[in-house]
Trainee: 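For reference, the structure I am asking about is given below.
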Amino acid sequence: MCARFTLMMPSWQDVWKLLQFEYREEDAAAYRPRYNIAPTSQHWVLFRANDKRMMTRAKWGLIPRWSKDAKLASRMINARLETVAEKPAYRSAFKDRRCIVPADGFYEWTGPEGDRQPLWIHPKEGGLLLIAGLYEDWNDPANGPVRTFTIVTRDAEEPIRAVHDRMPLLVRDDAVDAWIGPGTPDAAALAMPTEALDLRRVSKRVNSPRVDEPSLVEPIA
DNA sequence: CCAGACGTTGTT
DNA sequence: GTCTGG
DNA sequence: CCAGACGTTGTT
DNA sequence: GTCTGG
């Protein structure tokens, strides 16, 4: 699907605003959010608030409950929408543990091998993308409980299709509950229209996984 | 029966 | 060339 | 996807 | 945990 999602990690107040909740400090004590929110090293991830466990952090790379070790994590960063209901590693999470990963954009590469041009794909009008995800709570024999998640991918639509065949499943702002909530989500009905996306050429500095800072998404000539 | 996989095309 | 790590 | 390692306790 | 392959 893509490389690193985001550099400008939205503040959780921004995420709240996007979901049309007005967070006020003075209400914090009495606040009963509909969603739980957990930080990763660079994202926030939204979970249903009915989830009893309050996890402090989440890690990208889904580890099924039955895993004996964490080796699977690096291969479980994406889940294909087409098969997610059947795959042994994902179907349980797809049924009961869906989440949303807000991001300001994601990367894709295009062009000839050896001279690949990175693109930053983001909403034309700004704001956040809501990426559909799945999560699991896994008990690491070595380090205790950890919440892990993965990103759901689908066939690309224009304009992304011009550069790549896959893309993340992007959820409409008003369909967060439809994805996170109970029941079987209808991906086609909750997908965000992609014509509102812009593909922006950005610096090849983004190629280095070690470089990550806001200037990476600035347009280049 | 047991052993081995369990996943996608891509991070952090 | 091929594998691993991010 | 891309970047970076690729190896051991050491010599002709 | 559950399925597939041998």
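Note that these values count all heavy atoms, side chains included, but never hydrogens, waters or copies made by symmetry. Reminder, nothing fancy here: chain letters follow the sequence lines and each chain counts from 1. None of these values were measured; they are calculated from a predicted model.
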Trainee: Whole Å only: how far is the NZ atom of A:Lys71 from the P atom of B:dC6?
Mentor: 14 Å
Trainee: Checking A:Arg161 now: which residues fulfil side-chain hydrogen bond (donor to acceptor under 3.5 Å, both in side chains) with it, not counting sequence neighbours?
Mentor: none
Trainee: Can the positive tip of A:Arg147 be found less than 6.0 Å from the middle of the six-membered ring of A:Phe47, inside 45° of the ring normal?
Mentor: yes
Trainee: Can you tell me how far P of B:dT9 sits from CE of A:Met167, to the nearest Å?
Mentor: 12 Å
Trainee: With sequence neighbours excluded, what pairs up with A:Asp198 under the side-chain hydrogen bond (donor to acceptor under 3.5 Å, both in side chains) test?
Mentor: A:His122
Trainee: I need the OH-C1' distance between A:Tyr90 and B:dC6, as an integer number of Å.
Mentor: 9 Å
Trainee: Could you give the distance separating C:dT4 and B:dA5 at their P atoms, to the nearest angstrom?
Mentor: 15 Å
Trainee: Among B:dT8, D:dC2, B:dG7, which nucleotide sits nearest the side chain of A:Pro88?
Mentor: B:dG7
Trainee: With DNA chain B as reference, determine whether A:Arg154 or A:Lys68 sits nearer its 5' end, using the nearest nucleotide of each.
Mentor: A:Lys68
Trainee: Step by step, work out the side-chain contact (heavy atoms from CB on, under 4.5 Å) result for A:Trp120 and A:Leu216.
Mentor: CA-CA 9 Å; A:Trp120 186 56; A:Leu216 288 183; over 6 Å; no
Trainee: Whole Å only: how far is the CG atom of A:Asn78 from the C1' atom of B:dG7?
Mentor: 9 Å
Trainee: Can I get a per-line list of side-chain donor-acceptor pairs under 3.5 Å for residues 185-197 of chain A, giving both atom names and the distance, sequence neighbours left out?
Mentor:
residue, atom, partner, partner atom, Å
A:Asp186, OD1, A:Ala188, N, 3.2
A:Asp186, OD1, A:Ala189, N, 3.4
A:Thr194, OG1, A:Glu158, O, 2.7

Trainee: With a 4.0 Å limit, can you tell me whether A:Arg116 has a side-chain N or O closer than that to the phosphate oxygens OP1/OP2 of D:dC2?
Mentor: yes
Trainee: What is the distance from atom CG of A:Asp96 to atom OH of A:Tyr135, rounded to the nearest 0.5 Å?
Mentor: 9.0 Å
Trainee: On the nucleotide B:dG7, are OP1 or OP2 found under 4.0 Å from the side-chain N or O atoms that A:Thr150 carries?
Mentor: no
Trainee: Can you check the A:Arg80 CZ to B:dC6 C1' distance for me, whole Å?
Mentor: 16 Å
Trainee: Please determine, for the side chain of A:Ser208, which listed nucleotide (D:dA3, B:dT9, B:dG7) has the closest atom?
Mentor: D:dA3
Trainee: Would you please name every residue forming a salt bridge (Lys or Arg N to Asp or Glu O under 4.0 Å) with A:Asp140, sequence neighbours left out?
Mentor: none
Trainee: How would you label the contact of A:Lys87 with the nucleic acid (heavy atoms, under 4.0 Å): base, sugar-phosphate, or nothing?
Mentor: sugar-phosphate
Trainee: Please indicate yes or no: is the ring centre of A:Trp66 less than 5.5 Å from the centre of the six-membered base ring of B:dC6, with the two planes inclined by under 30 degrees?
Mentor: yes
Trainee: In whole Å, measure the gap between the P atoms of D:dC1 and B:dT9 for me.
Mentor: 10 Å
Trainee: Give me the distance, rounded to whole Å, that separates B:dG7 from E:dG5 when you measure between the P atoms they each carry.
Mentor: 13 Å
Trainee: Kindly state each residue pair satisfying side chain to side chain donor-acceptor pair (under 3.5 Å) with at least one member in residues 81-90 of chain A, sequence neighbours excluded.
Mentor: A:Glu82-A:Arg166
Trainee: Whole angstrom is fine here: how far is it from NE2 in A:His164 over to C1' in D:dC2?
Mentor: 14 Å
Trainee: Taking atom CG of A:Leu170 and atom CD1 of A:Ile121, what is their separation to the nearest 0.5 Å?
Mentor: 9.5 Å
Trainee: Produce the list of close N/O pairs, under 3.5 Å, pairing protein atoms with atoms of nucleotides 1-3 of chain C; give distances to one decimal.
Mentor:
none

Trainee: In whole angstroms, how far is the P atom of D:dC1 from the CD atom of A:Glu113?
Mentor: 9 Å
Trainee: For DNA chain D, which ranges pair as stems of 3 or more consecutive Watson-Crick or G-U pairs, with both donor-acceptor distances under 3.5 Å?
Mentor: C:1-6 with D:1-6
Trainee: Which nucleotide in the set D:dC2, B:dT8, D:dA3 lies at the smallest distance from any side-chain heavy atom of A:Thr153?
Mentor: B:dT8
Trainee: Taking only residues two or more places apart in sequence, or in another chain, which ones meet A:Asp115 in a side-chain hydrogen bond (donor to acceptor under 3.5 Å, both in side chains)?
Mentor: A:Lys204
Trainee: Could you list the residues that satisfy side-chain hydrogen bond (donor to acceptor under 3.5 Å, both in side chains) with A:Gln117, not counting sequence neighbours?
Mentor: none
Trainee: 5'-most contact on DNA chain B: A:Leu81 or A:Ser74, nearest heavy atom basis?
Mentor: A:Leu81
Trainee: Ignoring backbone atoms, test whether A:Arg166 places a side-chain nitrogen or oxygen under 4.0 Å from the OP1 or OP2 oxygen of B:dT9.
Mentor: yes
Trainee: Within the pair A:Arg210 and D:dC2, is there a side-chain N or O less than 4.0 Å away from OP1 or OP2?
Mentor: no
Trainee: Could you state the CG-P distance from A:Leu62 to B:dT8, rounded to the nearest angstrom?
Mentor: 11 Å
